[in-house]
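These notes concern the structure reproduced below.
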Amino acid sequence: MPEPEHLATAVAPAPAADAVQRRTMTVLVLAQIIGTVGVGVAPSIGVLLAGAVTENEAWAGLARTASTLGAALLGLPLGTLAARRGRRVALAGGWWTAAAGGAVLVAAAQWSLVVPLFAGLLLIGVGLAVSLQSRFAATDLAQPHHKARSLALVVWVGTLGSVLGPNLGAPGEVIGAATGLTVYAAAFLIAAVCLAVAGLIVFVWLRPDPLLFLRQAAPASPTGPGGKRPGRVRQVLAELRVNQRAQVAVLAILTAQVVMVAIMTMTPVHLTHHGGSITVVGITISLHVAGMYAPSPLVGLIADRYGHRVAISAGLGVLAASLLIGALQPDDTGWIIASLVLLGVGWSFVNVAGSALFSTAVSAETRASSQGGVDALSNLFGAAAAFAAGPLLAVSGFSLLCVLALVALVPLTVLMAGLMAGRALTRQSA
């Protein structure tokens, strides 16, 4: 059985860390389930609210990307805060910031306020950044052969929130009838409460802090000229310039995000233009989201047992199959649904395996800041892909959009093929 490539360099935590890791996983899973309910409301009910408040398609489009921009802008600061104060302070503060955004959106929805709408969506997007960083927190104290599975578990439980969040309109109607709030305002009230509770769970029970606990056994931090410690951003960039495994991981994460967001964002528009009903669109996106998160435990198992390269390469194959179907069968709703499901599964393989590789590749000194930085980059690239996909669809059609997404897979595919070939040659010469 091939040995995962990270085992040779990873250092197993002390036995005492196992108990802290079990407690950490319990807290992270519970907070992730509750918090992602609040996060999940933004891309669904938030989109509807943006259209209702702005009554302008251009402004509504900007509002719809505000939550993604919020995640992108706060990803690195949250990582830096974790590096300085630990995971507990960073994650709890992030959940509470998102809760404040939910509260602002209650007012925006109740009184149709445009500026609070943008501010609220920007702030609630921080919840996405926290959700992403929670998966990295799961790896801090995990045994080397369990890191990918620990990360995948936190990703997987986010499925519950992603499914429940878009359906807060139903309980929102009940609360609205009792309080006089609009349906949208009541839905965001529920979201704000969930986000606040997630922050409380982390702040109260994430003790000992896994990152600070890990750092107790870490070597002393390097210093720059004059005995001063270099800035964290400079440390991250310096490490990425020479760390090939981290570079591979970053390319994998960004590639998966760009391809997934570009196609997923435009699929509802494409289906609607071809006569698809709201029900069909909803089912398609729900199945896509299930494809994104449901396979996570399997991906973690494969990455831990056979290596990250195998998992990433498998994901690239699934993504290519998805895009080929979309390019060849753009007018068949059944095939488009199948394509979106495969798109989600391919994203899961590449993103989860890439994230697990990144968590093992970076040094302890830059781990939290680097993780925040890669999440920020991922969300920025995703937002850029969403912006670009609209005009491309309008000018060229869905088939060409899928072909262009296939082209975006080429650099990572060539890199992985080279790495796999090099590994095979090493085995033959051994």
Looking only at the side chains, is there a donor atom on one of Asp18 and Gln143 sitting less than 3.5 Å from an acceptor on the other? yes
Is there side-chain contact between Phe381 and Val261, with at least one heavy-atom pair below 4.5 Å? no
Can you check whether Gly75's main-chain N or O pairs, donor with acceptor, with Gln133's side chain at less than 3.5 Å? yes
Quick one: does any side-chain atom of Arg215 pair with a main-chain N or O of Ala83 as donor and acceptor, under 3.5 Å? yes
Any donor and acceptor pair, going by atom type alone, linking the side chain of Gln32 with main-chain N or O of Val155 inside 3.5 Å? no
Could you tell me whether the side chain of Arg23 and the main chain of Trp205 form a donor-acceptor pair under 3.5 Å? yes
Set out, in order, the CA-CA distance, both residues' side-chain angles and the distance that settles side chain to side chain contact (heavy atoms under 4.5 Å, CB included) for Val89 and Asp209, then state yes or no. CA-CA 9 Å; Val89 172; Asp209 187 290; over 6 Å; no
Evaluate the criterion side chain to side chain contact (heavy atoms under 4.5 Å, CB included) for residue pair Val154 and Phe136; output intermediate values, then yes/no. CA-CA 9 Å; Val154 174; Phe136 284 128; over 6 Å; no
Exercise: identify the closest heavy-atom pair between Ala376 and Leu76: CB-N, 3.8 Å
Set out, in order, the CA-CA distance, both residues' side-chain angles and the distance that settles side chain to side chain contact (heavy atoms under 4.5 Å, CB included) for Leu343 and Leu340, then state yes or no. CA-CA 5 Å; Leu343 183 72; Leu340 261 288; 4.0 Å; yes
Below 4.5 Å, heavy atoms only, C-beta onward: do Met264 and Met292 meet side chain to side chain? no
When rounded to the nearest 0.5 Å, the distance separating OG1 of Thr24 from CZ of Arg22 is 10.5 Å
Looking at side-chain heavy atoms only, is the closest gap between Thr360 and Arg245 below 4.5 Å? yes
Closest non-hydrogen atoms of Ala256 and Val350, given as atom of the first, atom of the second and distance, are CB-CG1, 3.7 Å
To the nearest 0.5 Å, tell me how far Arg149 CZ sits from Met25 CE. 11.5 Å
Are any side-chain N or O atoms of Ser348 and backbone N or O atoms of Gly344, one a donor and one an acceptor, separated by less than 3.5 Å? no
Any side-chain heavy atom of Pro116 within less than 4.5 Å of one from Leu105? no
Side-chain donor/acceptor of Ser134 to backbone N/O of Val130, under 3.5 Å: yes
Is the closest basic N to carboxylate O distance between Asp375 and Arg135 below 4.0 Å? yes
Show the nearest heavy-atom pair for residues Leu78 and Ala129, with the distance to one decimal. CD1-CB, 4.0 Å
Using atom types as modelled and distance alone, determine if a side-chain donor or acceptor of Ser339 lies under 3.5 Å from a backbone N or O of Ser322. yes
Gln21 side-chain N/O to Ala138 backbone N/O, donor-acceptor pair under 3.5 Å: yes
Nearest 0.5 Å please: distance from the CG atom of Leu69 over to the CZ atom of Phe118. 10.5 Å
Tell me, yes or no, whether the heavy-atom count around Arg85 atom CZ, taken from other residues, nucleotides or ligands under 6.0 Å, exceeds 12. no
Heavy-atom closest pair (Ala405 atom, Ile263 atom, distance to 0.1 Å) is CB-CD1, 4.1 Å
Could you go step by step and tell me if Val248 and Leu251 meet the side chain to side chain contact (heavy atoms under 4.5 Å, CB included) rule? CA-CA 5 Å; Val248 172; Leu251 181 59; 5.9 Å; no
Rounded to the nearest 0.5 Å, the CG atom of Leu357 sits from the CD1 atom of Ile253 at a distance of 8.0 Å
Under the 3.5 angstrom rule, does the side chain of Thr97 hit a backbone N or O of Gly93 as a donor-acceptor pair? yes
Does the side chain of Ile124 reach to within under 4.5 Å of the side chain of Leu195, using non-hydrogen atoms? yes
Determine whether a donor-acceptor pair (N or O, by modelled atom type, separation under 3.5 Å) exists between the side chain of Trp95 and the backbone of Ala196. no
Atom pair OG1/CG of Thr255 and Leu319 - distance to nearest 0.5 Å: 9.5 Å
Scanning both residues in full, the closest heavy-atom pair of Phe398 with Gly326 reads CD2-O, 3.8 Å
Minimum heavy-atom distance Pro295-Val345, with the two atoms named: CG-CG2, 4.1 Å
Kindly compute the distance separating CD1 (Ile201) from CG (Leu28), expressed to the nearest 0.5 Å. 11.0 Å
